[in-house]
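What follows is a set of notes on a single structure, which appears directly below.
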Number of protein chains: 2
Amino acid sequence: MTTELSTASLRRLPRYLRLLVQLLDEGHHFVTSAELARRLAMDESLVRRDLALTHFSGKPRVGFAVEALKTHLEDLLGLGTLKPAILIGAGRLGQALTAYRGFTEYGLRICGIFDIDPEKIGREVHGMTVQPLWTAPALVREGRIQVAILAVPAEAAQEVADLLADAGVPAFWNFSGHPLHLPAPVIVLNEDLSDSLAVLSFRLTHERASAACPGDAHDDAAPMA
Amino acid sequence: MTTELSTASLRRLPRYLRLLVQLLDEGHHFVTSAELARRLAMDESLVRRDLALTHFSGKPRVGFAVEALKTHLEDLLGLGTLKPAILIGAGRLGQALTAYRGFTEYGLRICGIFDIDPEKIGREVHGMTVQPLWTAPALVREGRIQVAILAVPAEAAQEVADLLADAGVPAFWNFSGHPLHLPAPVIVLNEDLSDSLAVLSFRLTHERASAACPGDAHDDAAPMA
DNA sequence: TAGATTGTTAATCGATTAACAATC
DNA sequence: TAGATTGTTAATCGATTAACAATC
């Protein structure tokens, strides 16, 4: 088994994890790939393949041990320890992201928020004081910051990222809408709500007409992984 | 040309759009697929293919008319008119989303925010008063609501969606983390930040070790489209 | 044992990339 | 015309699905 865990597979792991927690809650100790597939509305082959790629084995005739698989996935995803992160940009999006508690559930702890705008510096945002951007590199060097979340305007994104990458930030989660280019070992994840919004807007504009006519059935609904 | 615009292509259109605005700003009237590709760090064949699928024609030897293409894409994506939307769930995530101004840029206007929790009803969230959830269906029936943005807990998502779909909401943007099942013509877009977060956390946990050793070069950085 | 379920290989599907003929 | 760029077809790549042999 030399096959690598693809990004597509990786993105599905949190879904399994959530379902496993629920199954534990319901008192199940074992679950089959067929059951997992049914509840996640996906193909059971894909479930088995995904889980095999994580090197977790099920038992023929029984299925997968719920508790053990949950622990296994948490370990694999590195969710055990909270990773220190900083947030750059205290604008609307930045404040919005600070408020999102899901970060903590998935391994991130925001321990600093920065901006370049003197208007914003010194303000309180969800219990943290906004600091001047130029102080961020020092914190990075001391504090073992592992992730920088970028919520800056698109024009500023690359410059800020370069600055922080120089200071040693190993991973970026980029919400600026400007795709980042950073040298090799740096991890970059570009997030863009407007990508999805475009799909929604397009389908609303173009599918509604035919949707009014019964007999012209569409199915599916979920976006790409 | 019977080929359909795939979801993958659709998701790239906003990127072209953003770049076109920038190019206009820089005073360009025409742009080649090679230039678009270079600035978006993608393959030029893919650019041509995507644009061809939108039924916009370039001129050999010249390229694509920037202004016309911009208008064309905006029309195609239905960004001309703001679509009335409601937000369900005034918790942390809900408040975060209300603050996100990007919605307006991409065709959505939030014109109501609802919750089931008496604690939250009546509060002000970014200039709007949180209303009781049971009043939402009436607004949907009157107001031509086109999108419901779900920021409710995973457990409540399906129930709320059923309620609103019954009232006639044609499209759902679902941030609850619970994949929705809704009958055929209803459009569902499941959004899940923890999918991305999992990728980030995994790569931080597993790539860092080898990243420290030079000679073991990784490239690439962007996630799947 | 018979039967159910896993793990894995082969077949299919879809999306990206490369090549090139058509166009101006 | 020669040359550059589009539009489209063919080749490649990767991910999903189907099939089935191995396992208990």
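Chain identifiers are assigned alphabetically (A, B, ...) following the order of the sequence lines, protein sequences preceding nucleic acid strands; residue numbering begins at 1 within each chain.
- Rounded to whole Å, atom P of D:dA15 lies 11 Å from atom CG of A:L5.
- For the OP1/OP2 pair of C:dG7 and a distance below 4.0 Å, the side-chain nitrogens and oxygens of A:S57 include at least one atom meeting the criterion.
- A:L69 places its CG atom 14 Å from the C1' atom of C:dT6, with the value rounded to the nearest Å.
- For DNA chain C, if you chain together Watson-Crick or G-U pairs that step i with j, i+1 with j-1 and so on, the runs of at least three with distances under 3.5 Å are C:3-24 with D:3-24.
- One can place CG of A:L51 at 16 Å from P of C:dT5, the figure rounded to the nearest angstrom.
- The CG atom of A:L53 sits 13 Å away from the C1' atom of D:dG14 (whole-angstrom rounding).
- With salt bridges taken as basic N to acidic carboxylate O contacts below 4.0 Å, one links A:R18 and B:D192.
- Among residues at least two apart or in separate chains, there is no salt bridge (charged side-chain N to carboxylate O under 4.0 Å, His left out) pair with a member in residues 55-66 of chain A.
- Applying the side-chain hydrogen bond (donor to acceptor under 3.5 Å, both in side chains) test to pairs two or more places apart or on separate chains, those with a residue in residues 147-172 of chain B are B:Q158-B:D162.
- Using modelled atom types and a 3.5 Å distance limit, the side chains of B:R15 and A:S194 yield no donor-acceptor pair.
- For B:H29 (side chain) and B:E67 (main-chain N/O), no donor-acceptor pair under 3.5 Å exists by modelled atom type.
- Nucleotide D:dT5 holds its P atom 12 Å from the CZ atom of B:F64, rounded to whole Å.
- Between the C1' atom of C:dA4 and the CZ atom of A:R61 lies a distance of 5 Å, rounded to the nearest Å.
- In this structure, the side chain of A:S201 does not engage the main chain of A:L197 through any donor-acceptor pair within 3.5 Å.
- Separating the CZ atom of A:R38 from the C1' atom of C:dT5 is a distance of 17 Å, rounded to the nearest angstrom.
- The nucleotide whose nearest atom lies closest to any side-chain atom of A:A8 is, among C:dG7, D:dC24, D:dT16, D:dT16.
- No salt bridge links B:E35 with B:R48; every basic N to acidic carboxylate O contact stays at or beyond 4.0 Å.
- With sequence neighbours left out, A:A154 forms a side-chain contact (heavy atoms from CB on, under 4.5 Å) with A:H178.
- Side-chain contact check for B:L193 versus A:W173: some heavy-atom pair is nearer than 4.5 Å.
- If A:D50 and A:P60 are placed on DNA chain D by their nearest nucleotide, the residue sitting closer to the 5' end is A:D50.
- Exactly one residue among B:R109, B:R144, B:Q146 makes a side-chain contact (heavy atoms from CB on, under 4.5 Å) with B:K83. That residue is B:Q146.
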Could you list the protein-to-nucleotides 17-19 of chain D atom pairs, N/O on both sides, closer than 3.5 Å?
residue : atom : partner : partner atom : Å
D:dA18  : OP2  : A:D43   : OD2          : 3.2
D:dA18  : N7   : A:S45   : OG           : 2.8

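- Of the possible donor and acceptor atoms, none in the side chain of B:H181 sits under 3.5 Å from a partner among the backbone N and O of A:A41.
- Between B:V147 and B:F172 the shortest side-chain heavy-atom distance does not fall below 4.5 Å.
- Using a 4.0 Å cut-off on heavy atoms, the residues of residues 17-35 of chain A that approach DNA chain C are A:T32, A:S33, listed by number.
- Taking atom CD of residue B:E44 and atom P of nucleotide D:dA4, one finds them 14 Å apart after rounding to whole Å.
- Residue A:R12 places its side chain closer to D:dT16 than to any other of C:dT16, C:dA4, D:dT16.
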